[in-house]
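Below is one structure, written out as structure tokens, with a few remarks after it.
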Protein chains: 2
Amino acid sequence: MGKLDFAPIADTTRRAEIVALLRRAILTGQLKPGQKLNELRIAEQMRVSRAPLREAMRELVQEGLLTSIPYAGTFVVDVTAKDIDDAYSLNKVLDEFAIELTWPLRDQRFFEELDRRHEAVKQATRDLDTTRQIETALQLHGLIHEWADNSVMLETWQRLASRLQMYFALHQRARKEPVPAEDIHEIYVRLLKGTDMRAAQRHAREHIDLDFEELLAYARSLEQRDSKGADPDRPGLTRNRPESS
Amino acid sequence: MGKLDFAPIADTTRRAEIVALLRRAILTGQLKPGQKLNELRIAEQMRVSRAPLREAMRELVQEGLLTSIPYAGTFVVDVTAKDIDDAYSLNKVLDEFAIELTWPLRDQRFFEELDRRHEAVKQATRDLDTTRQIETALQLHGLIHEWADNSVMLETWQRLASRLQMYFALHQRARKEPVPAEDIHEIYVRLLKGTDMRAAQRHAREHIDLDFEELLAYARSLEQRDSKGADPDRPGLTRNRPESS
DNA sequence: TCTTGTTAGATTGTCGACAACCTGCTTTTC
DNA sequence: GAAAAGCAGGTTGTCGACAATCTAACAAGA
């Protein structure tokens, strides 16, 4: 028998492609938080029927990127400072656990992949491509979760990462200034290659601290001028929450 | 202005009801792991069109209770011993964190709710209603997550709890023997009311240990006779994995 | 006998149209 | 003039039918 094992072929349903398109639009900020998604308009633009579009939207609702209010519409999730804070603190706990699981599993391939992703971040930084920089930084960060060999945690991380990417993209887009040119991940990578697990865990916390504190401050400042509002395409306050009986 | 605030009315879409029905069927074991869901048949039984049914199924796929293979079908997730182990270890970490967050927020209402849920478990035990016993035990356990005031963690816990409930229901259903009559949650509740947080965290780990070890052993024993198979309505091995590009 | 090509049946994916519902404006009534 | 009733207009939820794809059985050829 041939010893090659082929990778499973990609699934080619419209639904899957729509999910990818919408997710990308949300994560890059083309679709802004609170904005309403008009099914008819989007379906026409994508040259697709509403059925697969709606199914795709249900997926993203469960993924936490959209919220749905029956008979009113589906909206991009609204980001509050507390959401970011919650995601941040849970992320710390997950990271600590991921490092613990990954630690004994580190091997040559791990270190190579670590360097590869680190390099991708540096490349994006050189290119001044902020969107890609966020994306690659999260991928670098996600390696320990992928390597930990715990499917439930990986899934949890991916959900978290989606939202984190959205938050950061929003932030970067707001302050127009260019990205920090220094390599803030240098120490993180070196510690993951080292022998002191506790040190790596400790740094993971503090390193993220830096990014997050700034993000949080920005989110809180937005919260202030919330009463001004009156944006079109905004969900009418909290009106009807999906039940999880 | 009136100071009453009313609870949001339940959303009355068919989709939501279908989700609830299907979830219940999976969690109680009416739909068995690996089983295929025939859309036409289910739609007819529920007197509903396929559109809302399919949307409901997409939600449950994202919730982790179903898996979908394009053009092949949607199946109840297959439970491996490793899945249970993964969920178990993540659950430990989450619990520890939840107790930490909840600890300073405990008040009279918390203790009352704790007792209420504890009582519900004892009632279900008296009734010899194993399904309800699992459900109430998880609700008791989930209180610390609901109280922690961290929306992201709560969401994570709910996803985890769904799967745990499914695992336990499967287990209970397999071994026909009646449920342990003693109150194994007595110590847990008392510790949550006490003053020693570390002790509560420690116990949470070990208390769950007991239940899980048995569950794991059962799952592993199932794994052995996996080659025998040949069940109808089974997904044809790993054929095509949904991508998360 | 084994492999390959074909075909029929069943199931999933997608479409266009209709019904239910919400929103804002107009009309009516006091 | 103000509040209630009623009427479009548009959007979401649902339906039934068609197209694309998979599975399994069968036939043809080596």
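Chain identifiers are assigned alphabetically (A, B, ...) following the order of the sequence lines, protein sequences preceding nucleic acid strands; residue numbering begins at 1 within each chain. Since we're looking at a predicted model, the values are computed, not measured.
- The shortest side-chain heavy-atom distance between V76(A) and L65(A) does not fall under the 4.5 Å cut-off.
- Residues forming a salt bridge (Lys or Arg N to Asp or Glu O under 4.0 Å) with E119(B) (at least two apart in sequence, or on another chain): K122(B), R126(B).
- Under the rule for a side chain to side chain contact (heavy atoms under 4.5 Å, CB included), the partners of L40(B) that lie at least two apart in sequence or sit in another chain are N38(B), E44(B), R50(B).
- Atom CD of E55(B) is separated from atom C1' of dT12(C) by 15 Å (rounded to the nearest Å).
- Looking at residues two or more places apart in sequence or on another chain, you find a side chain to side chain contact (heavy atoms under 4.5 Å, CB included) between R132(B) and A124(B), D129(B), E135(B), T136(B).
- OP1 or OP2 of dC15(C) has at least one side-chain nitrogen or oxygen of R14(A) nearer than 4.0 Å.
- Nearest to the side chain of K36(A), among dT11(D), dG13(C), dT11(C), sits dT11(D).
- Using modelled atom types, one finds a donor on one side chain and an acceptor on the other under 3.5 Å when comparing D95(A) with H141(A).
- Considering only side-chain N and O atoms, R54(A) lies nowhere under 4.0 angstrom from the phosphate OP1 or OP2 of dC15(D).
- In this structure, CE of M57(B) is placed 12 Å from C1' of dG13(C), rounded to the nearest angstrom.
- Between E39(A) atom CD and dA17(C) atom C1' the separation is 15 Å, expressed in whole Å.
- Following rounding to the nearest Å, I69(B) (CD1) and dT11(C) (C1') show an atom-to-atom distance of 14 Å.
- Contacts between residues 45-53 of chain A and DNA chain C, defined by a heavy-atom separation below 4.0 Å, involve V48(A), S49(A), R50(A), A51(A), P52(A), listed by number.
- Distance R58(A) CZ to dT14(C) P: 16 Å, rounded to the nearest Å.
- Between Y71(B) atom OH and dT12(C) atom P the separation is 12 Å, expressed in whole Å.
- The nucleotide whose nearest atom lies closest to any side-chain atom of N38(A) is, among dG13(D), dT12(D), dT12(C), dT12(D).
- Evaluation of the side chain to side chain contact (heavy atoms under 4.5 Å, CB included) rule for L138(A) yields I134(A), W157(A), L164(A), Q165(A) as partners, not counting sequence neighbours.
- Contacts of I18(B) with the nucleic acid, taken as non-hydrogen atoms under 4.0 Å apart, are absent.
- Distance L40(A) CG to dT12(D) P: 8 Å, rounded to the nearest Å.
- For E155(A), the side chain to side chain contact (heavy atoms under 4.5 Å, CB included) partners are R159(B), R163(B), not counting sequence neighbours.
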